[in-house]
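Take a look at the structure below.
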Amino acid sequence: MANSFSYKLTTENELFTFDFTNVLKTGELISSASCTAIVMSGTDSNPTAILFGAPVISGAQVSQRIYNGISEVTYRIEMTATT
């Protein structure tokens with residue numbers, strides 16, 4: 001399962017939502033989630049600094065607030081959900 005998101009400016013603060021509907025079995029619930037950020041291109045010695053707060057679970061969706069970042073850096077945001 002992979003989501004693609006459009007770009008975010010370094011001055012923006014956006015909520016990114018991951019939808020796990022297609023990978024959950026009927027009646028299966030998400031009990032916890034964790035998010036990580038890695039650098040795909042460019043240089044950022046602390047990429048997880050773009051994560052603001054903890055992931056928020058709402059049914060089959062998990063959201064993470066992303067803010068700041070470094071110009072010309074491409075990040076990969078990975079959300080892991082536990083059922």
Side-chain angles (χ1 to χ4, degrees):
M1 179 194 95
N3 287 350
S4 286
F5 301 104
S6 62
Y7 67 90
K8 181 194 85 57
L9 299 175
T10 58
T11 56
E12 293 178 317
N13 170 347
E14 290 193 28
L15 191 64
F16 288 76
T17 301
F18 297 78
D19 190 348
F20 290 89
T21 301
N22 292 333
V23 295
L24 293 175
K25 295 177 185 172
T26 302
E28 193 172 26
L29 302 173
I30 296 173
S31 60
S32 64
S34 63
C35 192
T36 187
I38 60 173
V39 173
M40 297 301 290
S41 66
T43 302
D44 183 346
S45 62
N46 187 18
T48 57
I50 68 171
L51 306 176
F52 184 79
V56 176
I57 300 166
S58 178
Q61 297 183 338
V62 183
S63 299
Q64 175 68 52
R65 175 104 15 220
I66 308 292
Y67 78 125
N68 293 338
I70 297 176
S71 184
E72 303 298 322
V73 173
T74 301
Y75 299 90
R76 178 183 175 112
I77 309 301
E78 295 180 350
M79 184 67 72
T80 303
T82 302
T83 58

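Positions are given from 1 along the sequence.
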Please report, to 0.1 Å, the donor-acceptor pairs under 3.5 Å made by any side chain of residues 72-83, with sequence neighbours excluded.
unit_1, atom_1, unit_2, atom_2, d
Thr74, OG1, Ser41, OG, 3.2
Tyr75, OH, Asp44, OD2, 2.6
Tyr75, OH, Ile70, N, 3.0
Arg76, NE, Glu78, OE2, 2.8
Thr83, OG1, Glu28, OE2, 3.0

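Residue Gln64 comes nearest to Gly53 through the heavy atom pair NE2-O, 3.1 Å, listed as atom of the first residue, atom of the second, then distance. Among all heavy-atom pairs drawn from Gly59 and Ile30, the shortest one is O-CD1, 3.9 Å. Considering all non-hydrogen atoms of both residues, Ile57 and Ala33 come closest at CD1-N, 4.1 Å.
For Ala60, the side-chain contact (heavy atoms from CB on, under 4.5 Å) test picks out Asp19, Thr21, Leu24, with sequence neighbours left out. Every side-chain contact (heavy atoms from CB on, under 4.5 Å) that Leu9 has, sequence neighbours left out, goes to Tyr7, Thr11, Glu12. For the side chain to side chain donor-acceptor pair (under 3.5 Å) test, no residue two or more places apart in sequence or in another chain qualifies with Thr36. Residues forming a side chain to side chain donor-acceptor pair (under 3.5 Å) with Asn68 (at least two apart in sequence, or on another chain): none.
In this structure, CD in Gln61 is found 11.5 Å from CZ in Phe18, a value given to the nearest 0.5 Å. Atom-to-atom distance recorded for Ile50:CD1 and Arg65:CZ is 13.0 Å, nearest 0.5 angstrom.
When hydrophobic residues (I, L, V, M, F, W, Y) are linked wherever their side-chain heavy atoms come within less than 4.5 Å, Leu29 remains an isolated member.
Within the structure, ring pair (Phe, Tyr, Trp, His ring centres under 6.0 Å) contacts touching residues 40-72 (residues at least two apart or in different chains) are Phe52-Tyr67.
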